[in-house]
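Per chain, numbering begins at 1; letters A, B, ... match sequence-line order.
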Amino acid sequence: MDKILRIDMGAKGGPKVSEGPLGDYAGLGGRAMTSSVVSKEVPPLCHALGAENKLVIAPGMLTGSAAVISGRLSVGCKSPLTGTIKEANSGGQGGIALARHGYAAVILEGKPSTDDLYKIYISKKGVKISVDNSLKMLPNYDLVNKMKAEYGDKIVCISIGPAGEMKLGAASVAVTDMETRPSRHAGRGGVGAVMGAKGVKVIVIDTADSKIRQPKDAEKFKEANRKFTEGLRSHAVTGQALPKFGTNVLTNILCEAGGYPTYNFKEGSYKDGAKISGETFAEIETKRGGKATHGCHTGCVIQCSGTYVDKDGNFISKQPEYETVWAHGGNCGISDPDTLAKLDFLDDNYGVDTIEMGVTIGVAMEAGLLPFGDGEGALKLVEEVGKGTPLGRILGSGAEVTGKAFGVERVPVVKGQALPAYDPRTVQGIGVTYATSTMGADHTAGYAVATNILKVGGFVDPLKPEGQVELSRNLQIATAAIDSTGMCLFIAFAVLDQPETFQALVDMINAFYGLSLTGDDVTALGKKVLSMERDFNARAGFSAKHDRLPRFFSTEKLPPHNLTWTMKDEELDQVYNW
Amino acid sequence: MDAKETRGRGFEEKTIRISVDSKELPRFFPLFQEGVSVETDTGISVRDFLCASLGIDERYVEERISTIFLNGRPVDDLDTSIVGDGSVLALSAAMPGVVGATMRRGGYYAAMRDTISYRADENRPALNRGRIRLKLFNMILEEIGPSLLQAGVFVRVDSLKGALAGLVRDGFLEADSSSEYAGDVRIVVETLAGS
Ligand code: SF4
């Protein structure tokens with residue numbers, strides 16, 4: 001990973017390709033790379049769909065190496081949904097494929113003057129860009145099949161569906177998985193719309209003759225990788241709960257805790273939660289001959305994903321994640337697993353974020369457009385988005401726009417982005433992260449990483465009142481660091497509980513790059529990333545006043561605990577005081 | 001597969017005894033996600049309920065059942081949390097995600113869900129006999145569900161019908177439309193020898 005590929009889509013005479021050394025961006029990966037480029041090169045006040053915005057696609061620091069579970073890909077830009085800086089993270093094979101061709105980042109710049117649609121083909125021989133208007137409005141699955149017919153099976157696609165072409169706020173960037181299905185998505189913040197604005201439908205990466213990245217110290221790297229793998233396999237969450245049941249194992253727990261937003265955040269527990277739990281999905285998958293344990297990219301040793309098939313064994317979708325099952329399921333009162341898997345497929349196919357889409361449909365239900373629980377109606381609405389009908393375009397623009405269009409008061413967004421699957425009235429601590437994240441409401445922004453091991457900002461006593469703020473701050477810092485390595489965030493649980501597993505991760509980075517980083521350096525990296533992002537947002541016009549939850553969380557009590565959001569604004573404003 | 005009725009001693013409800021091939025046992029697991037009832041001493045601590053009443057190994061409780069809810073409230077202390085007649089107790093292994101970590105018993109992130117945490121009630125439930133509704137999730141379900149089924153649990157008739165419908169559909173059981181049951185029924189599910 002010693003070069004950056006820049007493609008100026010607005011160059012005179014057609015897109016212009018240039019390759020250059022890393023320069024100031026040396027040593028960066030993933031979110032650290034995307035946020036550095038965006039904060040340095042994108043004018044914060046630009047229009048997110050304009051020529052000045054850039055779409056940065058960056059593998060993590062260890063991506064493409066033999067490090068396990070290190071294949072994550074970051075996609076960054078100024079977000080058309082939130083207006084803030086954005087990093088959306090995806091699994092799939094995209095990061096590995098780019099890294100093994102030596103690219104630390106692919107940056108799409110400018111904007112074509114025509115409405116031609118382009119495809120970019122990257123292979124050992126170089127980069128080829130061509131107009132292909134036959135791809136217009138193709139859903140992701142059809143598109144990938146077409147690319148396979150054209151370029152063969154040894155390809156990875158990074159693409160947009162119709163939603164991205166229409167530049168809708170919920171549009172995602174799809175990345176193909178190990179089976180070359182476009183089932184993994186950099187979902188949040190409308191990154192697909194920015195790719196659409198650049199006129200790029202698909203980046204096809206030919207993996208033939210690409211090489212695995214080699215560490216500086218092979219022996220030490222191998223040993224650290226072994227210890228790290230061992231740590232992941234021996235932990236109850238990463239070695240058992242996630243492989244067996246996927247992230248959707250959380251449904252029963254959140255319903256029990258009364259923190260599962262139901263019927264557009266009106267209630268905190270879904271009566272039919274057990275019907276759509278991870279346990280239930282795993283049982284259906286196993287019985288029907290799907291797969292309950294599967295990786296989203298090569299080298300994943302946790303394998304929280306799976307394959308969901310119908311009763312005749314035909315593929316419906318990948319195993320839907322917890323956030324998807326919640327957004328389309330409990331949040332909309334839909335309890336049929338087959339319908340939820342179909343919604344997951346449609347979202348992937350048309351290229352929309354499953355969280356944004358599910359929350360948007362919940363808002364539409366609140367508006368009376370269809371009743372809560374109407375699974376067929378929900379499927380039809382996502383079809384409207386794919387077709388680009390006027391209603392579909394409103395829905396595809398996300399929950400905030402839909403709420404405005406239909407006059408809904410209870411619209412669960414922060415900085416324009418839909419809230420994920422945890423109600424902040426029940427788990428007040430996560431509300432702090434939703435409110436203050438540089439990305440808009442984002443559950444992955446402050447993950448349960450080893451802050452007590454890292455001792456970010458000193459040891460926190462979580463029982464002090466200010467503990468929630470400190471915890472959220474530390475989680476956000478540690479997450480920013482992990483997002484930069486290319487590691488899947490789900491390593492966090494093993495790293496949280498097992499100091500030796502965290503050490504193995506640091507050792508792996510050190511052995512790979514010939515460095516001698518300590519936990520403190522990892523912390524410093526996380527802080528640096530957050531500071532850059534925060535600075536970009538400030539220059540884009542965001543202030544502490546935007547770090548707030550919607551008012552209804554403070555005024556409406558959430559059953560069964562009947563709690564409201566009680567965190568004080570002054571406390572929220574302390575998150576970035578370090 | 002074989003099902004017959006007996007009248008269980010000490011219980012008002014009839015007991016339905018079901019023998020199944022061990023690989024069909026998971027068909028009964030959804031009952032635990034919704035909750036089954038067990039008759040027990042009440043007014044005792046969660047620890048006593050799990051270890052003394054249910055006979056679960058103390059080390060397993062300490063190390064494996066790291067997430068516990070009592071009446072929808074995350075439990076941090078096994079000894080000061082008291083079960084009463086009608087209590088709902090949910091058991092889970094360690095869970096992913098920041099929220100999964102916050103729910104963990106006595107975990108580092110417990111403060112993040114401070115407002116819903118279980119706090120010992122001044123009106124401690126009286127020592128008595130009663131029923132507790134028990135929910136089992138994820139690995140805990142697979143690991144202790146079978147022995148509870150064998151010991152016998154009370155289930156809602158409607159829920160049981162759902163589990164049995166699958167067995168009828170797949171030809172393991174003959175359809176029997178006569179339904180004299182309502183409310184709760186006690187079931188004992190044993191695995192067939194050698195299965
Ligand atoms: S744990 Fe899940 S999300 Fe993470 S890399 Fe593996 S399959 Fe993908």
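For a residue to count as touching a neighbouring chain, one of its non-hydrogen atoms must lie under 4.5 Å from one of that chain's; by this rule Phe137(B) touches chain A with backbone and side chain alike. Only the side chain of Met103(B) comes within contact range of chain A, with at least one heavy atom under 4.5 Å from a heavy atom of that chain. Residue Ala94(B) touches chain A through both its backbone and its side chain, counting heavy-atom pairs closer than 4.5 Å. If you measure heavy-atom distances from Thr115(B) to chain A, the contacts under 4.5 Å come from both the backbone and the side chain.
Going from atom OH of Tyr322(A) over to atom CE of Met95(B) covers 12.0 Å, rounded to the nearest 0.5 Å. The line from CD of Glu279(A) to CE of Met139(B) is 10.0 Å long, rounded to the nearest 0.5 Å.
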**Asked** So Arg113(B) and Thr426(A), side chain to side chain contact (heavy atoms under 4.5 Å, CB included) or not? Walk me through it.
**Response** CA-CA 7 Å; Arg113(B) 45 79 174 166; Thr426(A) 305; over 6 Å; no
**Request:** List the steps, then state whether side chain to side chain contact (heavy atoms under 4.5 Å, CB included) holds for Ile116(B) with Leu563(A).
**Result:** CA-CA 9 Å; Ile116(B) 60 163; Leu563(A) 292 169; 3.4 Å; yes
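Shown here is Arg156(B), whose CZ atom has no more than 12 heavy atoms of other residues, nucleotides or ligands within 6.0 Å. Heavy-atom neighbours of Lys135(B) NZ from other residues, nucleotides or ligands within 6.0 Å: above the threshold of 12.
No other option in Lys275(A), Lys244(A), Arg425(A) has as many heavy-atom pairs under 4.5 Å with chain B as Lys244(A).
Contacts of residues 248-258 of chain A with chain B at a heavy-atom distance below 4.5 Å involve Val249(A), Leu250(A), Asn252(A), Ile253(A), Leu254(A), Glu256(A), Ala257(A), listed in sequence order.
Counting only heavy atoms from C-beta outward, the side chains of Ile430(A) and Thr102(B) never approach each other to under 4.5 Å. Counting heavy atoms from C-beta outward, Glu283(A) and Pro30(B) have side chains that approach closer than 4.5 Å.
In terms of heavy atoms, Gln33(B) sits closest to Ala274(A) at OE1-O, 3.5 Å.
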